[in-house]
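In what follows, chains are A, B, ... by sequence order, proteins preceding strands, each numbered from 1.
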Protein chains: 2
Amino acid sequence: MLKVSRKFEYGLHAVVFLARKEPEAVVTVKEMSLEIGFSQEFLAKAMQNLKRAGIAVSVQGVNGGYRLAKSPDDITVSDIGRAIEGEPHLMRCSAENGKCEIQATCTHRPYMFMLERRIDSLLADTTVTSLLLSR
Amino acid sequence: MLKVSRKFEYGLHAVVFLARKEPEAVVTVKEMSLEIGFSQEFLAKAMQNLKRAGIAVSVQGVNGGYRLAKSPDDITVSDIGRAIEGEPHLMRCSAENGKCEIQATCTHRPYMFMLERRIDSLLADTTVTSLLLSR
DNA sequence: CAAAACAAGACAAATTTAAACCTATTTATC
DNA sequence: GATAAATAGGTTTAAATTTGTCTTGTTTTG
């Protein structure tokens, strides 16, 4: 229930991994996937998502790789989620623009939408820095 | 991202539907599925989950059906989620008892676990009654 | 006993997720 | 300039999960 995708987990770990390095250090997908221990190709996709979302920066060519685009203080779990899985949509009617087979009788949409926003707020309050500090 | 299953949506709607009736009214799955507008057989499965979780009560035989087992005040979105989708597990390591391929270097588990609990608290604060009142 | 309804397992279809594959393009280095 | 290391990104395959159906059984009222 309410779980995130494996791709999200990969991306999250990669961001935390990068956050532990020097800010300017460029790390290859290969290194990250070996160090952390999962599919290189699949992590590469997650990194591309993170790049497009402005969370990571890529450097092409030999000695290339990725580094964070901004401070770990300014990257939240919500940002990573949106980058990799898209906008949060608790219910289908949230994703599909209010369309739903039971629109007529449904009274609980406003409340559920609020719940959706509150959940996202929790994710948005969790920065990568806070993940680094825990343990 | 972070969406609930269709089965959960069906179950939620059914519970709200029952909550609008008189407390002792027994309603068939057929009536609910026709009224609300989705697969009768599939809703039946959701109702069985709700029954096993002590949220609904079934009455077998002719004139049978379901009614709520308790007040809409005492049924939360979290209860319904657990009944239908099981315990909330944001990450795999939460579901699989801490096991994860990157245990060694992972520093962010405690924080993510807290996040998971906070999300569940939000769901647990949302009663079926609050859903009825909204709009 | 017949019909209406839940119970529950097995099966099938559809969708989503995860992973692999392949061909580019970029770029440092020799 | 050739080569090798790396990202870019599209296509396809495979696995897993979700969704839905089917079938058989049980309960209960009339």
How would you label the contact of [X] with the nucleic acid (heavy atoms, under 4.0 Å): base, sugar-phosphate, or nothing?
X: B:Phe8; value: nothing
X: B:Lys45; value: base
X: B:Gly64; value: sugar-phosphate
X: A:Lys7; value: sugar-phosphate

At less than 4.0 Å, is any side-chain N or O atom of [X] found next to OP1 or OP2 of [N]? Yes or no.
X: B:Lys3; N: D:dT18; result: no
X: A:Tyr66; N: D:dA6; result: no
X: B:Ser39; N: D:dT19; result: no
X: A:Lys51; N: D:dA8; result: yes
X: A:Asn63; N: C:dT29; result: yes
X: B:Arg6; N: C:dT15; result: no
X: B:Ser5; N: D:dT19; result: yes
X: B:Tyr10; N: D:dT19; result: no
X: A:Ser58; N: D:dA8; result: yes

Rounded to the Å, how far apart are [X] [atom1] and [N] [atom2]?
X: A:Met47; N: D:dA8; atom1: CE; atom2: P; value: 9 Å
X: A:Met1; N: D:dT17; atom1: CE; atom2: C1'; value: 17 Å
X: B:Leu43; N: D:dT19; atom1: CG; atom2: C1'; value: 13 Å
X: B:Phe42; N: C:dC6; atom1: CZ; atom2: P; value: 17 Å
X: A:Arg92; N: C:dA14; atom1: CZ; atom2: C1'; value: 15 Å
X: A:Gln40; N: D:dT7; atom1: CD; atom2: C1'; value: 11 Å
X: B:Gln48; N: C:dA10; atom1: CD; atom2: P; value: 14 Å

Practice task
In sequence, state the C-alpha distance, the side-chain angles, and the governing distance for A:Leu123 and B:Leu2, and then conclude on side chain to side chain contact (heavy atoms under 4.5 Å, CB included).
Solution key: CA-CA 11 Å; A:Leu123 303 190; B:Leu2 282 188; 3.7 Å; yes
Problem - Nearest non-hydrogen partners of A:Ala14 and A:Leu43, listed with the distance - result: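 Between these two residues, the closest heavy atoms are CB-CD1, 3.9 Å.
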Practice task
For residues A:Arg82 and B:Met1, report the shortest heavy-atom separation together with the two atoms involved.
Solution key: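 That would be N-SD, 3.9 Å.
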Handout entry: Side-chain donor or acceptor of B:Glu85 paired with backbone N/O of B:Val4 under 3.5 Å
Key =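 Such a contact is absent between B:Glu85 side chain and B:Val4 backbone.
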Practice task
Answer yes or no: is there an ion pair linking B:Lys21 with B:Glu31, defined by an N-O contact shorter than 4.0 Å?
Solution key: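 Salt bridge between B:Lys21 and B:Glu31, a charged N being under 4.0 Å from a carboxylate O: yes.
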Practice task
Would you state whether a donor and an acceptor, one from the side chain of A:Glu41 and one from the base of C:dC21, lie under 3.5 Å apart?
Solution key: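 Answer yes: a donor N or O sits under 3.5 Å from an acceptor.
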